[in-house]
Protein chains: 2
Amino acid sequence: MATMTAAQRREQARFAYDAFLRECPTNQLLARLSDKWVSLVVSALAGHEGPMRYSDLGRKIAGVSQKMLTQTLRTLERDGIVARTVTPSVPVRVDYELTDLGRSLSGLLLAVKDWAETHMDEVADARETYDAAAGAA
Amino acid sequence: MATMTAAQRREQARFAYDAFLRECPTNQLLARLSDKWVSLVVSALAGHEGPMRYSDLGRKIAGVSQKMLTQTLRTLERDGIVARTVTPSVPVRVDYELTDLGRSLSGLLLAVKDWAETHMDEVADARETYDAAAGAA
DNA sequence: CAGAATCCTTCACGATACTG
DNA sequence: CAGTATCGTGAAGGATTCTG
């Protein structure tokens, strides 16, 4: 529309930009990876030789509900990070393993997990200091 | 109690174990780090020379509400990951920067963010393939 | 400028029950 | 065994208003 004012055009551009940021695929993907269960599932698969069965994952992660486990596995499968293999025996057997793409990611997530374990004490100390200072006020 | 059945004992053990896992400090810390806003705030601070003001962060992250920004900064400060400096001028000026502990973490989170940007296309392809297969059923 | 406080909605998640 | 379907709730998070 040639009848659009400069202000209108600017407004539209700003709106489109905001929408773009909110729906920015990269941000969405980052949000996906920034998920407690994603970290744990990928870590579990990475720290295990060969594929793992659904129930193995449930046991290893312990604390996950089957709903969240299934949901997480589905999105990871859809994103090409884990591979799902069904063996139509009786009873059914389903195995999960990391894809190449998943393995390229697992190292990074494991590093974060290791950091959490390594620096737990320092964080705990920082919290004590912080809380003490707040309480003294 | 010797009168406890095997099922009861198993139930009790499971309950205690779950409680332990839920309150496991390391898992809690991992859950903290596995937060969308934490990734973005730490990345923003890491990708910038020197400290950043509150409003700078709000602008750079774009999409964060001030509530979440404040909340995230507070917990990161409490955990000793960012340092908060107040300059009592008029108007007030508040600067945030990573601590040494924060810098030891930022590299890992940036790596995850970079991974998301680098492999966005592959993930998008995987999704298309997955959805196409599902639709064909 | 840098928050604190409040309200209100949405939805993520857990518990439960059922199926091939 | 490996899920799917449904329901209820608690909490996360956005919008808004007020303050030092």
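Note that this is a predicted model, so its numbers are computed, not measured. Computation of the quantities below employed the complete heavy-atom set of this structure, encompassing side-chain atoms and omitting hydrogens, waters and symmetry-equivalent molecules. By convention in this document, chain letters (A, B, ...) are assigned in the order of the sequence lines, proteins followed by strands, and residues within each chain are numbered from 1.
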Would you kindly give the [atom1]-to-[atom2] distance between [X] and [N], to the nearest whole Å?
X: L69(B); N: dC1(C); atom1: CG; atom2: P; value: 14 Å
X: R74(A); N: dA12(C); atom1: CZ; atom2: C1'; value: 18 Å
X: L73(A); N: dC1(D); atom1: CG; atom2: P; value: 16 Å
X: I61(B); N: dG13(D); atom1: CD1; atom2: P; value: 14 Å
X: L57(A); N: dC1(D); atom1: CG; atom2: C1'; value: 14 Å
X: R84(B); N: dA4(C); atom1: CZ; atom2: C1'; value: 12 Å

DNA chain C: 5'-proximal contact among M68(A) and D95(B) (nearest heavy atom): D95(B)

May I ask you to verify if any side-chain N or O of [X] is less than 4.0 angstrom from the OP1 or OP2 atom of [N]?
X: R93(B); N: dA2(C); result: no
X: Y96(A); N: dG3(D); result: yes
X: R53(B); N: dA2(C); result: yes

Nearest-nucleotide pick for [X], side chain only, options being [options]:
X: Q71(A); options: dC13(C), dG13(D), dG3(D); value: dC13(C)
X: D35(B); options: dG3(D), dG13(D), dC1(D); value: dG13(D)
X: T70(A); options: dT4(D), dA2(C), dA4(C); value: dT4(D)

Under 3.5 Å side-chain donor-acceptor pair for Y54(B) and T70(B): yes

Check: S34(B)/S39(A) side-chain N/O donor and acceptor closer than 3.5 Å: yes

Side chain to side chain contact (heavy atoms under 4.5 Å, CB included) between L40(A) and V64(A), intermediate numbers included: CA-CA 10 Å; L40(A) 292 174; V64(A) 68; over 6 Å; no

Qualifying residues under salt bridge (Lys or Arg N to Asp or Glu O under 4.0 Å), relative to D100(B), sequence neighbours excluded: R103(B)

Salt bridge present between K36(B) and D35(A) (N-O < 4.0 angstrom): no

Ion pair D95(B)/R93(B), N-O distance below 4.0 Å: yes

Close side-chain approach of V112(B) and D114(B), heavy atoms under 4.5 Å: no

Contact pattern, 5' to 3', of nucleotides 15-20 of chain D - B, S or - by protein heavy atom under 4.0 Å: -BB--B

